[in-house]
Q: 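Provided herewith is a single structure, encoded as structure tokens, for subsequent inquiry.
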Amino acid sequence: MVIPEIGINHEGSLEVAKLMVDAAHRAGAKLIKHQTHIVDDEMSHAAKSVIPGNSDVSIYEIMKRCALSEEDEKELKRYTESLGMLFLSTPFSRAAAERLERFGVQAYKIGSGELNNYPLVEYVAQFHKPMIVSTGMNDIKSIAKAVNILEKHGVAYALMHTTNLYPTRPEWVRLGAMQEMMREFPDTPIGLSDHTLNNNACIAAMALGACLVERHFTDKMERTGPDIVCSMDEQRLRELVAAADEIPLMLNGEKKAIREEKVTEDFAFASVVTIEPVKAGEPFTRENLWVKRPGVGGILAEEYESILGRRAACDIERDIQLQYSMIKAE
């Protein structure tokens, strides 16, 4: 599953949000993820003095500016679903969860900052709908507490490894942490919510078995906003969707030739061939015997060393694929 997160990239504009949905749809996405902010239920006034690392204004001001009204967000959900896509959103407060429940959403996303907000996790879990839970800034012990809540309520869930830095440097991605989560929660779908500058981390995660990947999304990189820098545009999303289709087909398997390789084996392998005429009774040596393509019609090159020193059973011309019948019995 590829999750393009519009989040707050629309900067509070329903019109822009719809343009982003259109772009995600053109790129082949099956869903979009939004963020539901009801600021006064989400934050105390103390948030007015907290400035995120990727901004120069307070988190309160950012969310106040970017939050959609209930009417606009409901329209965004309707518009998304009219294109045959799933509308998914992250509630950042109890009121936000109640709004989404009124909308009749099919599933919920829990952000990394809310993972250890166990009262909110419990509140959303009681709706008994699937939940995708990001785990950035938390360790296995904190994740396990949230998992216990989800399992208590019997909801289907997936977990996503995340590094909450915007943007995230490659050395901060830590796909080993994602693999640690796979070991700790072996029966749970595990994925990556990524904030780097390109698709590499998501593609690498899929190659390691991630079941879902998420990146911020915008219709064009020229837009302004704190998350644009670590967002993908329509073309990058198209490429990520294509990777998600192909990479699972590449996984697993065992180290041996597959049936379809036979056509290549025939010309790519080599067989034992005379490079000089050999008389009956004469020994095969490195001077009169070597290996050449193709690999069909003669003795495979892997047998070359075992033939050296043995004698010809008949006269053999130069450039002849050796047959076992041409080798004198010992």
Q: Grouping I, L, V, M, F, W and Y whenever their side-chain heavy atoms are under 4.5 Å apart, do Met178 and Ile140 come out in a common cluster?
A: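 Cluster IDs for Met178 and Ile140 match.
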Q: Tell me, do Trp290 and Asn288 make a side-chain contact under 4.5 Å, heavy atoms counted?
A: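 A side-chain contact under 4.5 Å is absent here.
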Q: Looking at Ser89 and Thr36, would you say the former's side chain and the latter's main chain have a donor-acceptor pair under 3.5 Å?
A: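 Present.
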Q: Give every residue pair that meets the side-chain hydrogen bond (donor to acceptor under 3.5 Å, both in side chains) criterion with at least one member in residues 230-244, sequence neighbours excluded.
A: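 Listed by first then second residue: Asn9-Ser231, Arg26-Glu234, Glu234-Arg238, Gln235-Arg238, Gln235-Glu239, Arg236-Glu239.
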Q: Can Leu115 and Val121 be said to form a side-chain contact (heavy atoms from CB on, under 4.5 Å), step by step?
A: CA-CA 7 Å; Leu115 171 77; Val121 173; 5.7 Å; no
Q: What do you reckon, is NZ of Lys64 surrounded by more than 12 foreign heavy atoms closer than 6.0 Å?
A: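 For Lys64, atom NZ is crowded (more than 12 foreign heavy atoms under 6.0 Å).
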Q: Do any N or O atoms from the side chain of Ser55 and from the backbone of Val57 form a donor-acceptor pair under 3.5 angstrom?
A: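 Yes: the side chain of Ser55 pairs with the backbone of Val57.
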Q: Write down the atom of Leu31, the atom of Leu88, and the distance for their closest heavy-atom approach.
A: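 Of all heavy-atom pairs spanning Leu31 and Leu88, the closest is CD1-CD2, 4.0 Å.
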Q: Should we say atom CZ of Arg174 is surrounded by more than 12 heavy atoms from elsewhere, each under 6.0 Å from it?
A: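 Result for CZ/Arg174: enclosed.
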Q: Run Glu11 and Arg223 through salt bridge (Lys or Arg N to Asp or Glu O under 4.0 Å) and show every step you take.
A: CA-CA 9 Å; Glu11 287 279 301; Arg223 293 200 182 277; over 6 Å; no
Q: What donor-acceptor contacts under 3.5 angstrom involve side-chain atoms of residues 75-82, with partners at least two apart or in another chain?
A:
residue : atom : partner : partner atom : Å
Glu75   : OE1  : Arg78   : NE           : 2.9
Glu75   : OE2  : Lys18   : NZ           : 2.8
Glu75   : OE2  : Arg78   : NE           : 3.4
Glu75   : OE2  : Arg78   : NH2          : 2.8
Lys77   : NZ   : Glu81   : OE1          : 3.1
Lys77   : NZ   : Glu81   : OE2          : 2.9
Lys77   : NZ   : Phe103  : O            : 3.3
Tyr79   : OH   : Asp22   : OD1          : 2.6
Tyr79   : OH   : Asp22   : OD2          : 3.2
Thr80   : OG1  : Leu76   : O            : 2.8
Ser82   : OG   : Tyr79   : O            : 2.6

Q: Please identify each residue that fulfils ring pair (Phe, Tyr, Trp, His ring centres under 6.0 Å) with Tyr157, with sequence neighbours left out.
A: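 So Tyr157 forms no ring pair (Phe, Tyr, Trp, His ring centres under 6.0 Å) with any residue.
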Q: Could you walk me through whether Arg286 and Glu305 satisfy the salt bridge (Lys or Arg N to Asp or Glu O under 4.0 Å) test, starting with their C-alpha distance in whole Å, then the side-chain angles of each, then the deciding distance to 0.1 Å, before giving a yes or no?
A: CA-CA 9 Å; Arg286 296 184 190 279; Glu305 294 289 339; 3.2 Å; yes
Q: If hydrophobic clusters are built by linking Ile, Leu, Val, Met, Phe, Trp and Tyr wherever their side-chain heavy atoms come under 4.5 Å apart, do Val133 and Tyr118 end up in the same one?
A: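 Both belong to a single hydrophobic cluster.
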Q: With sequence neighbours excluded, give me every side-chain hydrogen bond (donor to acceptor under 3.5 Å, both in side chains) pair touching residues 308-318.
A: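 Residue pairs passing side-chain hydrogen bond (donor to acceptor under 3.5 Å, both in side chains), neighbours aside: Arg310-Glu330.
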Q: Show your reasoning for whether side-chain contact (heavy atoms from CB on, under 4.5 Å) applies to Leu100 and Phe127.
A: CA-CA 11 Å; Leu100 291 172; Phe127 295 135; over 6 Å; no
Q: For the pair Asp245 (side chain) and Ala242 (backbone), establish whether a donor and an acceptor sit closer than 3.5 Å, ignoring hydrogens and angles.
A: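 Not confirmed, Asp245 side chain does not pair with Ala242 backbone.
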Q: With distance as the sole test, does Gln126 use its side chain to make a donor-acceptor pair with the main-chain N or O of Tyr123 at under 3.5 Å?
A: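 Here the side-chain-to-backbone pair exists.
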Q: In terms of hydrophobic clustering (I, L, V, M, F, W, Y; side-chain heavy atoms under 4.5 Å; direct or indirect links), are Leu86 and Val241 co-clustered?
A: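 Unlinked, Leu86 and Val241 end up in two clusters.
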Q: Is Met1 close to Ile132 at the side-chain level, that is, under 4.5 Å between some pair of heavy atoms?
A: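 Heavy-atom side-chain distance check passes, below 4.5 Å.
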Q: Should we say atom CE of Met85 is surrounded by more than 12 heavy atoms from elsewhere, each under 6.0 Å from it?
A: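 Yes, enclosed.
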Q: Is any NZ, NE, NH1 or NH2 atom of the basic residue among Glu5 and Lys109 found under 4.0 Å from an Asp or Glu carboxylate oxygen of the other?
A: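 So Glu5 does not pair with Lys109 through a salt bridge.
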Q: Can you pull the ring-ring contact (aromatic ring centres under 6.0 Å, His included) pairs that have at least one residue in residues 207-253, sequence neighbours excluded?
A: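 The answer is His195-His216.
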Q: Between Lys48 and Glu61, is there a side-chain N and carboxylate O pair less than 4.0 Å apart?
A: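 Salt bridge: no.
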Q: With a cut-off of 6.0 Å (strictly less than), are more than 12 heavy atoms of other residues, nucleotides or ligands near CD of Gln106?
A: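 For Gln106, atom CD is not crowded (no more than 12 foreign heavy atoms under 6.0 Å).
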Q: Give a yes or no on whether the backbone of Glu287 and the side-chain of Thr285 come within a donor-acceptor separation of less than 3.5 Å.
A: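 Indeed, once roles are kept as given, a pair shorter than 3.5 Å links the two residues.
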Q: Evaluate Thr196 against Asp194 for side-chain hydrogen bond (donor to acceptor under 3.5 Å, both in side chains), listing each step before the verdict.
A: CA-CA 6 Å; Thr196 61; Asp194 178 50; 2.6 Å; yes
Q: Output a table of donor-acceptor pairs, distance under 3.5 Å, between side-chain atoms of residues 248-267 and any protein atom two or more places apart or on a different chain; print 'none' if there are none.
A:
residue : atom : partner : partner atom : Å
Glu261  : OE1  : Ile258  : N            : 2.9
Lys262  : NZ   : Asp266  : OD1          : 2.6

